[in-house]
Amino acid sequence: MSTPLDRSTLWPYDEQGELGDFYYQRDGSPTVAAAEEALGELDGGTALLFPSGSGATTALVLSVLKTGDTIALAQGCYFGTGRTFAALGRWGLDVVEFDQTGPPPEGVQLVWLEAPSNPFLTMPDLEAAAAHPAPVVVDSTVATPVLLRPLQHGADFVLHSATKYLAGHDDALLGAVVCRDPATAGELHTFRTYTGIVAAPDPAWLLLRGLQTLELRVRRQTETAIFIAERLRAHPAVETVRYPGLGGLLSFDVVDAETARRVETSLHVIVNATSLGGVTTLLESRRRWEGDRVPAGLLRLSIGLEDPELLWSDLEQALAA
Ligand code: PLP
């Protein structure tokens with residue numbers, strides 16, 4: 001019933017002395033391949049795993065772009081993605097930010113969207129992006145294939161931090177790229193083998209385990225997020241609530257950084273920590289990471305699987321603290 005966890009780094013050549021499906025782990029391994037197969041089916045494309053979401057971003061960009069190319073990056077998307085691109089800047093990669101609720105700018109070689117964006121929770125205009133001549137990447141970490149299959153909307157690549165909802169239990173660091181075109185996936189696979197940006201079998205096994213409950217988790221997290229967003233919208237200490245109506249991630253603003261810190265440190269059930277997409281509800285001020293890019297009182301909330309009323313009572317007492 002359970003896919004075996006195969007940690008081998010090598011497999012013998014066959015009886016004729018030829019390569020089998022697997023021969024050296026950097027090129028491919030059975031547990032990673034099984035997880036890729038499962039994820040590829042969910043997203044409707046060819047999936048490749050990487051050691052983290054950021055590793056997947058790096059590999060994809062290095063594989064499809066060249067010096068002098070420009071990426072159109074959705075404003076207000078995961079700040080780490082902009083940081084990754086900035087780190088590649090000295091190899092001649094440029095970035096222009098744009099409002100992903102409208103069409104991407106002309107003259108770029110790659111369009112990078114996020115559905116929904118973290119932590120501003122905007123949804124991209126997928127149709128406008130698909131009409132752009134450049135390849136389109138949708139970071140669908142927060143939507144997951146349960147709520148959105150970007151390849152069906154004309155995207156060329158889906159990116160996941162599988163560390164989040166897909167693995168789902170805060171114990172596996174992993175990333176994925178799902179490609180619409182199998183030949184492009186083949187090129188990315190070769191690039192991955194040559195550069196060694198490859199996922200290990202253990203987190204891949206945890207991803208397989210996580211995928212078995214993905215739909216149940218995401219549906220429950222969405223229900224709870226809708227409930228919590230409504231309560232937050234009606235709360236006098238909450239200024240803005242950002243929630244697109246799908247997924248388990250939302251953000252809201254309290255009046256200032258001091259109040260945000262008080263909420264963070266007054267929680268009893270919800271955990272004050274970074275990351276998102278696991279079974280435990282997490283809250284954190286994003287100011288600490290993103291600086292002036294976010295309002296001083298912005299709190300990001302990743303809904304887990306706890307009882308919704310229990311989560312609300314914890315939030316309510318922290319907002320009153
Ligand atoms: N994309 C999004 C939307 C994220 O939230 C994150 C991490 O927070 C990443 C990518 C990067 O993934 P990882 O932390 O697995 O490198």
Side-chain angles (χ1 to χ4, degrees), residues 32 35 39 43 47-62 71 73-88 95 97 100 110-124 136-148 150 155 157-178 192 197-200 202-204 206-207 210 218 221 225 242-244 246-251 271 273-278 280 282-286 288-290 293-294 298-304:
V32 171
L39 180 57
D43 256 322
L48 293 167
L49 290 182
F50 296 88
S52 66
S54 305
T57 297
T58 302
L60 178 57
V61 160
L62 291 180
I71 302 170
L73 176 62
Q75 241 161 36
C77 77
Y78 173 56
F79 90 115
T81 301
R83 219 171 39 175
T84 301
F85 295 157
L88 298 174
V95 175
E97 293 201 1
Q100 69 167 350
L110 189 68
V111 175
W112 196 284
L113 310 173
E114 204 169 275
S117 65
N118 163 17
F120 288 99
L121 286 307
T122 65
M123 285 298 283
V136 174
V137 182
V138 178
D139 181 332
S140 202
T141 295
V142 175
T144 80
V146 175
L147 302 172
L148 182 71
F157 301 99
V158 183
L159 188 123
H160 293 289
S161 168
T163 312
K164 310 293 172 12
Y165 294 96
L166 299 183
H169 296 75
D170 299 322
D171 53 10
L173 188 73
L174 208 55
V177 175
V178 189
R192 183 179 74 173
I197 313 175
V198 68
D202 284 79
L206 289 167
L207 172 59
V218 168
Q221 284 159 333
R242 299 174 199 83
Y243 183 62
L246 85 176
L249 190 71
L250 56 95
S251 71
V271 177
T274 196
S275 200
L276 57 104
T280 304
L282 305 177
L283 177 143
E284 70 164 331
S285 157
R286 289 302 293 173
R288 104 177 54 234
W289 299 110
E290 304 190 39
R293 201 178 87 123
V294 295
L298 185 146
L299 292 164
R300 190 182 70 188
L301 182 61
S302 169
I303 298 289

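Indexing begins at 1, ligand by ligand and atom by atom, following the structure's order.
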Q. Listed by chain and number, what are the ring pair (Phe, Tyr, Trp, His ring centres under 6.0 Å) partners of Phe85, not counting sequence neighbours?
A. Trp112

Q: For the pair Ser52 (side chain) and Gly55 (backbone), establish whether a donor and an acceptor sit closer than 3.5 Å, ignoring hydrogens and angles.
A: yes

Q: Can you sort out the partners of Asp171 under salt bridge (charged side-chain N to carboxylate O under 4.0 Å, His left out), two or more places apart, ordered by chain and number?
A: none

Q: For residues Thr141 and Glu114, determine if any side-chain heavy atom of one lies less than 4.5 Å from a side-chain heavy atom of the other.
A: no

Q.
Using only atom types and a distance under 3.5 Å, with no angle test, would you say the side chain of Thr163 pairs donor to acceptor with the backbone of Leu174?
A. yes

Q: Sequence neighbours left out, what passes salt bridge (charged side-chain N to carboxylate O under 4.0 Å, His left out) with Arg286? Give chain and number order.
A: Glu284, Glu290

Where does ligand 1 get N/O contacts under 3.5 Å from the protein, atom by atom?
| residue | atom | partner | partner atom | Å |
| --- | --- | --- | --- | --- |
| ligand 1 | 1 (N) | Asp139 | OD2 | 2.6 |
| ligand 1 | 5 (O) | Asn118 | ND2 | 3.0 |
| ligand 1 | 8 (O) | Lys164 | NZ | 2.6 |
| ligand 1 | 12 (O) | Ser161 | OG | 3.0 |
| ligand 1 | 15 (O) | Gly53 | N | 2.8 |
| ligand 1 | 15 (O) | Ser161 | OG | 2.8 |
| ligand 1 | 15 (O) | Thr163 | OG1 | 2.8 |
| ligand 1 | 16 (O) | Gly53 | N | 3.1 |
| ligand 1 | 16 (O) | Ser54 | N | 2.8 |
| ligand 1 | 16 (O) | Ser54 | OG | 2.8 |

